[in-house]
Amino acid sequence: MPWRGETDPYRILLSEVLLQQTRVDQAIPYYRRFLAEFPTLEALGQADLEAVLEVWQGLGYYARARNLHKLAQALSRAGGQLPRTYHELLQLPGLGPYTAAAVASMAFGERVAVVDGNVRRVIARWMAWQNPSPKQVQDEADELMAVVLSPTGGGLEVFPGDWNQALMELGATVCIPKNPRCGGCPVAQFCQGKTSPERYPAAKQRLQKPVEVVALVLVGPQGVHLELREGRILGGLWGFPMEEGAGALPRLLGRFGLEAAELVGTVRHAFTHRKLRVQVYWANKDAREQPENRPLSRLDRKILELIQSQRNALL
DNA sequence: AACTCGGGGTC
DNA sequence: GACCCAGAGTT
């Protein structure tokens, strides 16, 4: 990881926000590109949100980028320094218990335990808990850290941030969700869940609701029509006009005063909790946006690729 | 406490 | 396909 051994609080914060629900390998190229564009908190605070999303596009959970930008704007005005304690960091937009604890422990050495998916699983197995509450896990992780790093109790002489990273790495490399490598685990001897590790913790129920969507691509001599999305879903990014459910196509046509559009094809795209089947329609209309100059979600990139692959047939 | 929010790797 | 990822905000 390029941020191992990093001491700049801004870089530590950035890496931790990038890692929210995101695998390390996926986050690394974004980390490099983001720092190349916005090397400091001040630089980020002075940038336009669209420029930030331009770098973030394709990674998902775009509220992370919006919150990080908002945080940078607020702190730049207030002197450009991140607060140094867990409780202060927790007040910042986009920082929950995980990220606040990560920055506090790794950047400032505060003795507070991070609880991510890895730690949750390690603790659940360690204690043989099937359905622990978030507070139960956090308390246990804090207690473990206090005991292990207790200098007066013969504890480890370890920087709190390093302990946190070690526990997460144990979960990411040994105490993994499926087929955990208990034989290679340094603490299997003390683990209460090792005889049936896959029972801990119980898996969450996830249901992906099928959703029918219609997208309308307006193509003109100068480009295509894009609109700025607002709200929580893909907010701040640009995309093709879309409507869901019954009457989607007529509503779309009505918005642009069109009589008809031609079906180009279907794009399938899965979100965590929704499975989209997007019928892509095309029509000729004056339009002048260049999609390569705008931040687009993966879904809109797929639609764009479909249109471009059919370009000869359409024009 | 339960939903919502992206996208992608892995089994 | 199902699961889950170095989670946070809203309801």
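We name chains A, B, ... by the order of the sequence lines, and we start the count at 1 in each one. All of these numbers come straight from a predicted model, not from anything done at the bench.
Look at CG on A/D300: it is 9 Å from P on B/dG7, rounded to the nearest Å. Note: CD (A/Q205) to C1' (C/dC4) measures 14 Å, nearest angstrom. The nearest whole Å value for the distance from the CG atom in A/L18 to the C1' atom in B/dG6 is 14 Å. A/L299 places its CG atom 13 Å from the P atom of B/dC5, with the value rounded to the nearest Å. Between the P atom of C/dA2 and the NZ atom of A/K178 lies a distance of 11 Å, rounded to the nearest Å. Regarding A/L71, its CG atom lies at a distance of 16 Å from the C1' atom of C/dG7, rounded to whole Å. As a whole-Å value, the separation of A/R120 CZ from C/dA8 C1' is 12 Å. Straight-line distance from the CD1 atom of A/I233 to the C1' atom of B/dT4: 8 Å, rounded to whole Å.
Closest to the side chain of A/R206, out of B/dC11, B/dC5, C/dC4, is C/dC4. Of the listed nucleotides (B/dC5, C/dA8, B/dG6), B/dC5 has the atom at the smallest distance from the side chain of A/R274. Side-chain proximity of A/Q26 to the nucleotides B/dG8, B/dG6, B/dC11 is greatest for B/dG8.
Under a 3.5 Å cut-off, the side chain of A/D300 and the backbone N or O of A/F240 do form a donor-acceptor pair. At least one donor-acceptor pair under 3.5 Å links the side chain of A/N164 to the backbone N or O of A/V112.
Phosphate proximity of B/dC3 to A/H273: absent, as no side-chain N or O sits under 4.0 Å from OP1 or OP2. Within the 4.0 Å cut-off from OP1 or OP2 of B/dG6, not a single side-chain nitrogen or oxygen of A/T22 is found. OP1 or OP2 of B/dG7 lies within a sub-4.0 Å distance of a side-chain N or O belonging to A/H269. Applying the 4.0 Å criterion to OP1 and OP2 of B/dG7, one finds that A/Y62 has a side-chain N or O inside that range. At B/dC3, none of the side-chain N or O atoms of A/K204 fall inside 4.0 Å of OP1 or OP2 (strictly under the cut-off). Contact between the side-chain N/O atoms of A/Q21 and the OP1/OP2 oxygens of C/dG7 is found at a separation under 4.0 Å. Contact annotation: A/R298 side-chain N/O to B/dG8 OP1/OP2 distance is under 4.0 Å.
For A/T272 against B/dG6, a side-chain N or O and a base N or O form a donor-acceptor pair under 3.5 Å. For A/Y98 against C/dG7, a side-chain-to-base donor-acceptor contact under 3.5 Å is absent.
Using a 4.0 Å heavy-atom criterion, one finds that A/K302 contacts no nucleic acid atom at all. No contact: A/Q208 has no heavy atom under 4.0 Å from any strand. Across all strands shown, A/R4 has heavy atoms under 4.0 Å from base atoms, whether or not it also approaches the sugar-phosphate. Across all strands, A/R23 comes closer than 4.0 Å to base atoms (heavy-atom distances). When heavy atoms are screened at a 4.0 angstrom cut-off, A/S297 is found touching the sugar-phosphate backbone but no base atom. Using a 4.0 Å heavy-atom criterion, one finds that A/L59 contacts the bases of the nucleic acid, with or without backbone contacts as well. A/G171 comes within contact range of no nucleotide atom at all, as no heavy-atom separation falls under 4.0 Å.
By the 6.0 Å and 45° rule, A/R64 does not stack over the aromatic ring of A/Y61.
Nearer the 5' end of DNA chain B, as judged by each residue's closest nucleotide, is the contact made by A/F271, out of A/F271 and A/D25. Nearer the 5' end of DNA chain C, as judged by each residue's closest nucleotide, is the contact made by A/A203, out of A/A203 and A/T99. Along DNA chain C, the nucleotide closest to A/K275 and the one closest to A/M168 are compared, and the more 5′ of them pairs with A/K275.
Ion pair A/R84/A/E110 not flagged as a salt bridge, since none of the NZ, NE, NH1 or NH2 atoms sits closer than 4.0 Å to an Asp/Glu carboxylate oxygen. Ion pairing between a basic and an acidic side chain is recognised when a charged N comes within 4.0 Å of a carboxylate O; A/E244 and A/R274 show such pairing. In summary, A/E54 and A/R294 do not engage in a salt bridge, as defined by a charged side-chain N under 4.0 Å from a carboxylate O.
In this structure, the side chains of A/L276 and A/L299 come closer than 4.5 Å at one or more pairs of heavy atoms. At a threshold of 4.5 Å between non-hydrogen side-chain atoms, the residues A/Y30 and A/W56 do not count as touching.
Ring orientation note: the planes of A/Y31 and A/W3 are nearly perpendicular, at an angle over 60° on the 30°/60° scale. Between A/H273 and A/F271, the ring-plane angle classifies as tilted under the 30° and 60° cut-offs.
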Polar atom pairs between nucleotides 9-11 of chain C and protein, under 3.5 Å, N or O only, would you list them?
residue	atom	partner	partner atom	Å
C/dG9	OP1	A/G94	N	2.4

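Taking atom P on both nucleotides, B/dG6 is separated from C/dT11 by 15 Å, rounded to a whole Å.
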